[in-house]
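Worth saying up front: this structure is predicted, and the values here are computed from it rather than measured. The analysis underlying the following values was restricted to heavy atoms, covering all of them including side chains, and did not include hydrogens, waters or symmetry mates.
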Amino acid sequence: MRAIQQLHTGDAFPPTSEALDYPNGLLAVGGDLSPARLLDAYRRGIFPWYEEPQPVLWWTPDPRSILFPGELHVSRSLRKTLRRNRFRLAVDQRFEAVMRHCAQLRGDGLGTWIGDDMLAAYCDLYHIGHAHSVEVLNEAGELVGGLYGIAIGRMYFGESMFSEERDASKVALAALVDILKRGGFRAIDCQVESDHLNSLGARNISRLDFEALLAQTIDVAHDNSVWQLPETCGDLL
């Protein structure tokens, strides 16, 4: 079995071709979650996924699940939800709260892969303008759905989403796609295939094709003014 590289502060990531076939995409272990390390990882198609307090595990799966903005599948029921206009939308107003809601869906508190260190690290990226959240609010102004991820160049790296009311996370995704289309983004990295993501239009591409897509998009700046949304979801139609 191929040995997994142990990362120390300052160590570079190994080539992604050295990632394991099983577990799919495991590339390296260790290192830190500093903004510089995380941004370098995402630029290479690598992301962290682990359970604290274990060392950080770095992944680059093959194939890769991707959603191209123009291929989002908006079902008849989702269109009906949008048309009813019962959700309000916001961007980057409750980033930490969105992360905490996503964590709670996976266990008690933050005792899962979205642990305290991950929360702090991605909030750091949020404060320097690389992490973004889309928030879905009900009529009472309560946060009932949302998603968060990383934007570098014209690629959005989706991390997690949550829903506490029917279709709320799908509304968040439709809102994100609206932003990305206006910003000229090429794709949303969904990381690993799931039936849910496939039903929304995601599909698999090879790691090599994904890295080629990164090379075409990661250094092409987008206009930060696109990170805004209409107040209500009906305006997305």
Side-chain angles (χ1 to χ4, degrees), residues 25 33 35 37-50 58-61 64-72 89-106 112-115 117-136 143 145-163 168-194 196-197 200-203 205 210 213-214 217-218 220-224 226-229:
L33 295 174
R37 170 71 78 180
L38 283 170
L39 292 175
D40 180 52
Y42 280 100
R43 292 177 68 88
R44 298 169 186 268
I46 303 164
F47 59 88
W49 184 27
Y50 72 109
W58 300 95
W59 303 81
T60 175
R64 194 76 167 224
S65 179
I66 293 293
L67 175 60
F68 295 98
E71 296 181 3
L72 174 68
L89 303 173
V91 179
D92 293 341
Q93 299 299 305
R94 305 188 190 185
F95 182 87
E96 181 176 337
V98 169
M99 280 199 72
R100 289 186 179 277
H101 277 272
C102 290
Q104 289 168 3
L105 292 180
R106 290 162 171 77
T112 61
W113 69 271
I114 306 178
D117 291 346
M118 290 282 277
L119 179 68
Y122 284 81
C123 283
D124 285 345
L125 289 180
Y126 164 70
H127 289 303
I128 63 175
H130 276 293
H132 296 276
S133 60
V134 172
E135 298 110 29
V136 177
L143 182 65
L147 55 79
Y148 76 97
I150 310 301
I152 307 176
R154 297 199 178 186
M155 178 69 71
Y156 186 87
F157 302 87
E159 282 299 311
S160 189
M161 61 174 64
F162 81 97
S163 182
S169 63
K170 294 179 181 179
V171 169
L173 183 59
L176 174 66
V177 165
D178 180 80
I179 291 170
L180 301 186
K181 284 182 175 179
R182 287 187 278 110
F185 282 71
R186 288 286 302 278
I188 302 170
D189 172 28
C190 302
Q191 299 179 347
V192 180
E193 181 182 22
S194 72
H196 176 64
L197 290 170
L200 295 169
R203 55 188 169 97
I205 63 174
F210 177 64
L213 181 61
L214 284 180
T217 58
I218 209 71
V220 183
H222 69 269
D223 183 353
N224 278 325
V226 300
W227 294 101
Q228 53 184 316
L229 284 167

Q: Describe, in one word, how the ring planes of Phe157 and Phe210 are oriented to each other, choosing from parallel (under 30°), tilted (30 to 60°) and perpendicular (over 60°).
A: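 The arrangement is perpendicular - the two ring planes meet at more than 60°.
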Q: Where is the tightest heavy-atom contact between Leu214 and Gly45, given as atom of each residue plus distance?
A: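 Taking every non-hydrogen atom into account, CD1-N, 3.4 Å.
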Q: Could you measure the distance from the CG atom of Leu173 to the CG atom of Leu72? Nearest 0.5 Å is fine.
A: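 Between atom CG of Leu173 and atom CG of Leu72 there are 5.0 Å.
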Q: Other residues, nucleotides and ligands only: do more than 12 of their heavy atoms fall within 6.0 Å of CH2 on Trp49?
A: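 Counting neighbours around CH2 of Trp49, 12 or fewer heavy atoms of other residues, nucleotides or ligands fall under 6.0 Å, so no.
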Q: Identify, with sequence neighbours excluded, every residue that meets salt bridge (charged side-chain N to carboxylate O under 4.0 Å, His left out) alongside Glu193.
A: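 None.
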Q: Quick one: pull up CZ in Arg94 and CZ in Arg100 and give me the separation to the nearest 0.5 Å.
A: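 Those atoms lie 14.5 Å apart.
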Q: Determine, step by step, whether Lys170 and His196 satisfy the side-chain contact (heavy atoms from CB on, under 4.5 Å) criterion, reporting the C-alpha distance in whole Å, the side-chain angles of both residues, the deciding distance to 0.1 Å, and the verdict.
A: CA-CA 10 Å; Lys170 294 179 181 179; His196 176 64; 3.9 Å; yes
Q: Any chance you could measure Leu176, atom CG, to Leu89, atom CG, to the nearest 0.5 Å?
A: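 The distance works out to 11.5 Å.
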Q: Is it true that Tyr156 and Phe185 have ring centroids separated by less than 6.0 Å?
A: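 Centroid distance Tyr156-Phe185: not below 6.0 Å, so no.
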Q: For Asp40, check salt bridge (charged side-chain N to carboxylate O under 4.0 Å, His left out) against everything at least two apart and list the hits.
A: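 Applying salt bridge (charged side-chain N to carboxylate O under 4.0 Å, His left out) to Asp40 gives Arg44.
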Q: Give the minimum heavy-atom separation between Val177 and Pro69, together with the two atoms involved.
A: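 Reported closest heavy-atom pair: CG1-O, 3.5 Å.
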Q: Check side chain to side chain contact (heavy atoms under 4.5 Å, CB included) between Ala90 and all other residues, then give those that pass, not counting sequence neighbours.
A: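 For Ala90 the side chain to side chain contact (heavy atoms under 4.5 Å, CB included) partners, ignoring immediate neighbours, are Gln93, Glu135.
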Q: For the residue pair Phe68 and Leu213, establish whether any side-chain heavy-atom pair is separated by less than 4.5 Å.
A: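 They are in contact (side-chain heavy atoms under 4.5 Å apart), so the answer is yes.
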Q: Show the nearest heavy-atom pair for residues Ile66 and Asp189, with the distance to one decimal.
A: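 Distance-wise, the nearest heavy atoms are CD1-CA, 3.8 Å.
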Q: Can a donor-acceptor pair be found, under 3.5 Å and without considering hydrogens, that links the side chain of Arg154 to the backbone of Ile218?
A: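 Judged by distance alone, no pair lies under 3.5 Å.
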Q: Drop me the distance from Leu38's CG to Asp124's CG, to the nearest 0.5 angstrom.
A: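 Between atom CG of Leu38 and atom CG of Asp124 there are 9.0 Å.
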Q: Output the distance between atom CZ (Phe95) and atom NE2 (His127), rounded to the nearest 0.5 Å.
A: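 These two atoms lie 8.5 Å from each other.
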Q: Give me each pair satisfying salt bridge (Lys or Arg N to Asp or Glu O under 4.0 Å) with a member in residues 172-185, each pair once, sequence neighbours excluded.
A: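 Residue pairs with at least one partner in residues 172-185: Asp178-Arg182.
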Q: Could you list the residues that satisfy side chain to side chain donor-acceptor pair (under 3.5 Å) with His132, not counting sequence neighbours?
A: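 Asp92.
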Q: Which atoms form the tightest heavy-atom contact between Leu67 and Leu200, and what is the distance?
A: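 Answer, listing the atom of Leu67 first, then Leu200: CD1-O, 3.8 Å.
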Q: Kindly give the heavy-atom pair with the smallest separation between Leu180 and Ile188, and that separation in Å.
A: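 Taking Leu180 first and Ile188 second, the nearest heavy atoms are CD1-CG1, 3.3 Å.
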Q: For a quick test of reading the model, state the closest non-hydrogen atom pair linking Val134 to Ala172 and the distance between them.
A: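 Closest heavy-atom pair between Val134 and Ala172: CG1-O, 3.7 Å.
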Q: For the CG atom of Leu143 and the NE2 atom of His101, what is their distance to the nearest 0.5 Å?
A: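 Going from CG on Leu143 over to NE2 on His101, the span is 4.5 Å.
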Q: Who passes ring pair (Phe, Tyr, Trp, His ring centres under 6.0 Å) against Tyr122, sequence neighbours left out?
A: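 Partners of Tyr122 under the ring pair (Phe, Tyr, Trp, His ring centres under 6.0 Å) test: none.
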Q: Could you give me the CA-CA distance, side-chain angles and deciding distance for Tyr148 and Ser160, then say whether side-chain contact (heavy atoms from CB on, under 4.5 Å) is met?
A: CA-CA 6 Å; Tyr148 76 97; Ser160 189; 3.7 Å; yes
Q: Taking C-beta and beyond as the side chain, do Val192 and Ser65 meet within less than 4.5 Å on heavy atoms?
A: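 No - every pair of side-chain heavy atoms lies 4.5 Å or more apart.
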